[in-house]
Protein chains: 2
Amino acid sequence: MSDVLDRPTAGATSTLDLALRIVEFLAYQSGPTTLAAIATEFGASKATVHRHLRGLASRGFVRQDAATGRYDVGVKLMVLGEACRSRFDIVTTARPELIQLRDETGQAVTICALVDGDVVVLELTQGRTVIEFATRPGTKLALHASAHGKIWLAFGPAALLDAVRQAPLPAWTPETITDPQTLERDVAKVRERGWSTAPDEVISGVNTIAAPVYDHQGRLVASIAIVGAKQFIPADPADAQVEAVVGTARRISRALGWRE
Amino acid sequence: MSDVLDRPTAGATSTLDLALRIVEFLAYQSGPTTLAAIATEFGASKATVHRHLRGLASRGFVRQDAATGRYDVGVKLMVLGEACRSRFDIVTTARPELIQLRDETGQAVTICALVDGDVVVLELTQGRTVIEFATRPGTKLALHASAHGKIWLAFGPAALLDAVRQAPLPAWTPETITDPQTLERDVAKVRERGWSTAPDEVISGVNTIAAPVYDHQGRLVASIAIVGAKQFIPADPADAQVEAVVGTARRISRALGWRE
DNA sequence: CATGTCGTTTCAAATAGTGAAACGCTGTTT
DNA sequence: AAACAGCGTTTCACTATTTGAAACGACATG
């Protein structure tokens, strides 16, 4: 899923914005990337990209592979990410509750937030069975195709649903909802019952149960979920599993100052 | 320790460079910071800082506290840091060995790298006793006052030792080496025996034993260390402890393709 | 009420950034 | 071996962006 979204942003300077998008693009590549490919991706000249890469490299955000000349993300992102990790209430406040949810259900537990228009995995607590894809921290999840995404469509800013309405809904698996009206009905159901599920929609054979986390002002600030194979989390989930997720989400919300 | 180093960097554009330094500065603050304080810190105008903050905020690298108007680091750093974590061989390759070292010695274990001129903690494996300060990932360590720093002075680029020679050596504790000639002798000793120690130099009552990690080209790419109270790691460390650290560093180096 | 400091905005002036084009290098193809 | 393609790097005339002094309204403080 490419994130090279050249969308206009209020007050952003084009020079800085391009540089930030370049470093983010590199962070999501699987290996070093040629400067020419970066230039093509962003529709910028090689000279401009080269200048940005030098600037980013001088501060450690980017590095150049000496053998191939290709560019890669630098360690500074990881370092700064660690340096500021404790600054995010959601993650530190939620962690004990998420570990308890994992212990109670045995499934992998994830917490997501809306970051720059995307629903992103902030932290993963591994379950008995290891699920890597789509749960690794940093991963962006499709709004229409994931349980987390549906929570955000149901309880998040209205602009999210508006944006999804206007875009095609790509299929990740044969079960992914791609019809806008089916998605609207599903989102309405999520809103009604307070939790979401997405059996087979991201990965075949895998299901997720997600619930919303609110802050002291009643705003959706995160979503949490258990993730596991369908044999452990059936398409029609057990009440106990749903209650475990919803209950944990409520406790985290209360810890953040939320009042029902 | 302020890192607002306005040092000239080859090929860096000043606009981008200032913005990167601002986000890094925010990452190391303990809470939201006023725009005016940021402007003062970097000697830039409030209008310029405002523009950069808006640009950084539009991509999630910075956020503004709605109640106070102050600026804080955004979750995007943490997210991207996680997204690219697996891309750093050193950390993933070293992890099993570091866990084993921790199990063998019982002490906290850290791995550091040189990032943008600083020795920075990349990862921490907690020991039996918890030591937080100066070992949290993202923390920058003084070259002259830490065991990790001395490894880099002894085995890293000569420019590091040159830079330290030209700067005053601030004292962190009464035991910190502040005399340049004493430091040179200490670094020479580190080079000779292949490991370093720094009892009481960073924190009183705490000691560290560090050793170098080389890559397939024989370059220093990281340093690893055990950290603990002096009652567990005496100023004159036990041979077994030294051998455990040095041995682990060698195994990690070999895993990275190093040949003695 | 006066004062100080904040974040935000404006816009003339200044400066930085842009990108077409060229270059040398390297790997691939013929 | 020669030709070709694509790479990263550099140049510099031109363009566009960025800069920052100044002003503003909001808010906290004395």
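Only heavy atoms go into these numbers, but all of them, side chains included; no hydrogens, no water, no symmetry mates.
Nearest heavy-atom pair across B/Tyr71 and B/Leu26 is O-CD2, 3.8 Å.
When the salt bridge (Lys or Arg N to Asp or Glu O under 4.0 Å) test is applied to B/Arg250, the partners found at least two apart in sequence or on another chain are B/Glu260. In this view, A/Ala37 and A/Thr33, A/Thr34 satisfy the side chain to side chain contact (heavy atoms under 4.5 Å, CB included) rule, not counting sequence neighbours.
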Tabulated below should be each protein N or O lying under 3.5 Å from an N or O of nucleotides 5-13 of chain D; please produce it.
residue, atom, partner, partner atom, Å
D/dG8, OP1, A/Leu35, N, 2.4
D/dG8, OP2, A/Leu35, N, 3.4
D/dG8, OP2, A/Ala36, N, 2.8
D/dG8, O3', A/Gln64, NE2, 3.4
D/dG8, N7, A/Lys46, NZ, 3.2
D/dG8, O6, A/Lys46, NZ, 3.4
D/dT9, OP1, A/Gln64, OE1, 3.4
D/dT9, OP1, A/Gln64, NE2, 3.0
D/dT9, OP2, A/His50, NE2, 2.5
D/dT9, OP2, A/Tyr71, OH, 2.3
D/dT9, O5', A/His50, NE2, 3.0

I'd like a table of atom pairs between the protein and nucleotides 25-30 of chain D - only N or O on both sides, under 3.5 Å - with the distance next to each one.
none

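Among residue pairs with one or both ends in residues 149-162 of chain A, those qualifying as side chain to side chain donor-acceptor pair (under 3.5 Å) are A/Lys150-A/Asp186, A/Lys150-A/Glu201, A/Trp152-A/Ser223, A/Asp162-A/Arg165; sequence neighbours excluded.
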Hey, mind stepping through A/Arg63 and A/Asp72 against salt bridge (charged side-chain N to carboxylate O under 4.0 Å, His left out) and telling me if it holds? CA-CA 5 Å; A/Arg63 60 187 162 163; A/Asp72 202 354; 3.3 Å; yes

Do A/Glu184 and A/Leu161 pass the side-chain contact (heavy atoms from CB on, under 4.5 Å) test, and can you show the C-alpha distance, the side-chain angles, and the key distance before you say yes or no? CA-CA 9 Å; A/Glu184 296 264 2; A/Leu161 195 46; 4.2 Å; yes

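B/Arg59 places a side-chain heavy atom less than 4.5 Å from the side chain of A/Arg21.
In the helix from C/dC1-D/dG30 to C/dT30-D/dA1, the terminal helix axes, each the rotation mapping four pairs' C1' atoms onto the next four within five end pairs, subtend 40°, rounded to 10°.
As a whole-Å value, the separation of A/His52 NE2 from C/dG17 C1' is 8 Å. Atom-to-atom, CG of A/Leu18 to P of D/dT18 comes out at 11 Å; the value is rounded to the nearest Å.
Distances shown here put every side-chain N or O of A/Ser45 at or beyond 4.0 Å from the OP1 or OP2 atom of C/dT18.
A salt bridge links A/Glu82 to B/Arg85: one of the charged nitrogens lies within less than 4.0 Å of a carboxylate oxygen.
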